[in-house]
Amino acid sequence: HYRDFYAQKGPHISLAPERLVKRVLGLPLEEFQTWPEYLQQLALDLAEELFIIRYNPFIDPKLVKKSVFSRLDSERAALTTEYYRELKGCLTRFWKGFELDQAFKAKLEARLRGFLEAHQVVTEPNNLIECSTDATDLRMELPAAVVFPETTQQVQAIVRLANEMSFPIVPRGGGSGLTGGAVPAKPRTVIVSLSRLKSILDINPKARTITVQSGVITLTAIQAAAKHGLLFTVDPASKAASSVGGNVAENAGGPFAFEYGTTLDNILAYRMVLPTGEVIWSGGKSVKDVAGYDLKHVFIGSEGTLGIFSKILVKLIPKPEAKRTMLAYFATMKDAAEVVSAIIAAHVIPATLEFLDNTTIRCVEDYTHIGLRTDLGALLLIEVDGQKEAVEAEAEQVLSVCRAHHVVEVALAADAAEADRMASARRSAFAALARVRPTTILEDATVPRSKVPEMIALIEETGRKYNLRIGTFGHAGD
């Protein structure tokens, strides 16, 4: 009865037929397509069932094997001897490959436990499933193990063992990424979770720097800096879950990116374990750091493919004296997009410039109940910060631009609590949209600022053409 159990528990990975042919049957697609149609369908059905053993650890693989080969035998009378042997050979090879991987996994676990504590090597099904994806919910392969190093030296040891035993490693931060950077894609992969490297090592208010281990949660770093009146400007929407190391690996942006830049613009230095197991320190505490090769920027945004960050030095800025937050509503997304271009053309650099279309507004309001208007086509979340006099002048300038471009209503935050409530509209956008349908696909599209209106129009036209519900939101300024 494993099928009933399978339907209730565990993840699911659906492969297109051509990928099943290659991955499970091990056949060139051209050769497979010469088989009779009834044989192709049988082979795909059996391959799809056998593939369960690669990604669902809750099911006994031997039960799956028994089911698959029993069905093959029951269909034998309808097959020629040649086709029966060939299909059985394909399925048997896949099974033997799985057995070899299981034997390798046992050896791997023993070697890892030779230099890591028992609690640092995890192979329980729930943990493997959790670490087989990120916020994309993309699943390609179940990891062989998840390890939790607590020192740079342990990271080095893991990397050196990977070289010795030839297994892939995938670094993992908070698992909140939307690019698949933390998703294992090959058999025998070990996930290296940096979540236990979570100490804030130093905050230097005079130098305006903070030094953290790579597993420190972004919001924790933001709050630590704020206690000293300083702003940690790496501020992605996932800050409550993302790690600083993950931000560096992904070169994360966020609402502050328009004014303060992405992660790359705010990192002074880092310690990194290279694929060879060697450790480097790239960058420095000096504001002007131009001597020698600029290796620092090479590794930022490499998504764990060039090394593993373990320690990071981030610059901080003084917390702005004042801030004005507003929501500007427009009848159409086109009007809102044109205002973005107009604000930039007016030489105003908002700290935050975000947009939401009507679909997103409705989903957010249904999710958060923060009082958004749902009868209009779009809104812009705009924040300006700095010295009090300058902020008031810039806020008035932004309002003037909005009025000149068909703004319907502008809501100004009266205090910090209301400003945070307004900002939550953008932070909760993806979570709100994900509640609407069982499958939500997120695509990050980047275009020059001047092309934003054209891009929005194309998205809306595409949604109408294919009867798709598309919610559009994001950073309008960067």
Side-chain angles (χ1 to χ4, degrees), residues 1-108 125 128-129 131-133 136-145 165-168 170 180 183-191 439:
H1 300 288
Y2 89 85
R3 285 177 177 272
D4 294 334
F5 181 78
Y6 163 63
Q8 298 174 31
K9 191 170 186 179
H12 181 67
I13 300 178
S14 294
L15 290 184
E18 59 270 18
R19 292 186 64 195
L20 277 172
V21 170
K22 180 180 179 181
R23 192 164 179 182
V24 180
L25 301 179
L27 294 173
L29 185 60
E30 297 78 10
E31 178 184 340
F32 177 75
Q33 289 172 338
T34 65
W35 288 12
E37 188 174 339
Y38 76 90
L39 179 60
Q40 288 188 36
Q41 189 57 56
L42 174 63
L44 289 173
D45 289 346
L46 296 178
E48 184 175 22
E49 183 174 356
L50 190 57
F51 185 59
I52 292 171
I53 65 177
R54 297 294 327 182
Y55 65 82
N56 195 324
F58 293 109
I59 296 173
D60 184 347
K62 293 179 181 178
L63 292 179
V64 181
K65 178 190 177 186
K66 181 179 179 181
S67 173
V68 167
F69 283 93
S70 293
R71 183 179 173 191
L72 176 62
D73 287 341
S74 71
E75 300 280 351
R76 184 169 185 174
L79 306 176
T80 65
T81 301
E82 179 183 354
Y83 280 135
Y84 171 79
R85 287 176 177 173
E86 187 168 5
L87 179 52
K88 185 174 183 178
C90 292
L91 298 172
T92 300
R93 281 194 300 272
F94 186 79
W95 174 260
K96 287 184 176 179
F98 173 76
E99 286 186 317
L100 289 173
D101 286 346
Q102 294 303 103
F104 175 85
K105 182 177 175 179
K107 293 179 182 178
L108 169 65
L128 298 183
I129 289 170
C131 293
S132 67
T133 189
T136 62
D137 204 31
L138 170 69
R139 298 179 192 274
M140 301 179 68
E141 190 73 43
L142 202 67
M165 297 184 69
S166 298
F167 60 84
V170 174
V183 176
K186 294 182 178 181
R188 304 185 179 187
T189 296
V190 171
I191 300 294
T439 300

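Hydrogens, waters and symmetry mates play no part in the numbers below; they use all other heavy atoms, side chains included.
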Handout entry: Rounded distance [0.5 Å steps], CG in Leu46 versus CD in Gln41
Key = 10.0 Å
Fill in the blank from the handout: Applied to residues 73-96, the salt bridge (Lys or Arg N to Asp or Glu O under 4.0 Å) test, sequence neighbours excluded, yields none
Exercise for the section: Please examine the side chains of Tyr55 and Arg139, heavy atoms only from C-beta on, and report whether any two atoms are closer than 4.5 Å. Expected result: no
Practice task
Mark yes when over 12 heavy atoms from residues, nucleotides or ligands other than Lys22 sit less than 6.0 Å from its NZ; otherwise mark no.
Solution key: no
Problem - Of Val21, Leu27, Val24, the residue whose pairing with Cys90 passes side chain to side chain contact (heavy atoms under 4.5 Å, CB included) - result: Leu27
Problem - Leu39 side chain near Thr80 side chain, heavy-atom distance below 4.5 Å - result: no
Handout entry: Thr34 side chain vs Glu31 backbone, donor-acceptor pair below 3.5 Å
Key = yes
Problem - Closest approach of Pro187 to Asp101 (non-hydrogen atoms, all atoms of both residues) - result: CB-OD2, 3.8 Å
Completion exercise
When rounded to the nearest 0.5 Å, the distance separating OG1 of Thr92 from NZ of Lys65 is 7.5 Å
Fill in the blank from the handout: The reported gap from CD in Gln40 to CG in Leu42 (rounded to nearest 0.5 angstrom) is 11.0 Å
Handout entry: Polar side-chain atom of Tyr83 near backbone of Pro36 as donor-acceptor pair, under 3.5 Å
Key = no
Exercise for the section: Of all the heavy-atom pairs spanning Thr133 and Leu138, show the shortest one and how long it is. Expected result: OG1-O, 2.7 Å
Practice task
Look up atom CD in Gln102 and atom CZ in Phe98, then write down how far apart they are to the nearest 0.5 Å.
Solution key: 4.0 Å
Handout entry: Heavy-atom check, side chain of Val68 versus side chain of Trp95, under 4.5 Å
Key = no
Exercise for the section: Check whether any side-chain heavy atom of Pro143 lies under 4.5 Å from a side-chain heavy atom of Val170, and answer yes or no. Expected result: no
Practice task
Any chance you could measure Leu87, atom CG, to Phe69, atom CZ, to the nearest 0.5 Å?
Solution key: 8.5 Å
Practice task
Please report the closest heavy-atom contact between Thr136 and Gly180, naming both atoms and the distance.
Solution key: CG2-N, 3.8 Å
Practice task
Check whether any side-chain heavy atom of Phe32 lies under 4.5 Å from a side-chain heavy atom of Leu44, and answer yes or no.
Solution key: yes
Handout entry: Nearest-0.5 Å distance that lies between atom CG in Leu142 and atom CG in Asn56
Key = 8.5 Å
Completion exercise
Correct closest heavy-atom pair for Glu141 and Pro184 would be O-CG, 3.3 Å
Handout entry: Heavy-atom closest pair, residues Ala145 and Leu128
Key = CA-CD2, 3.9 Å
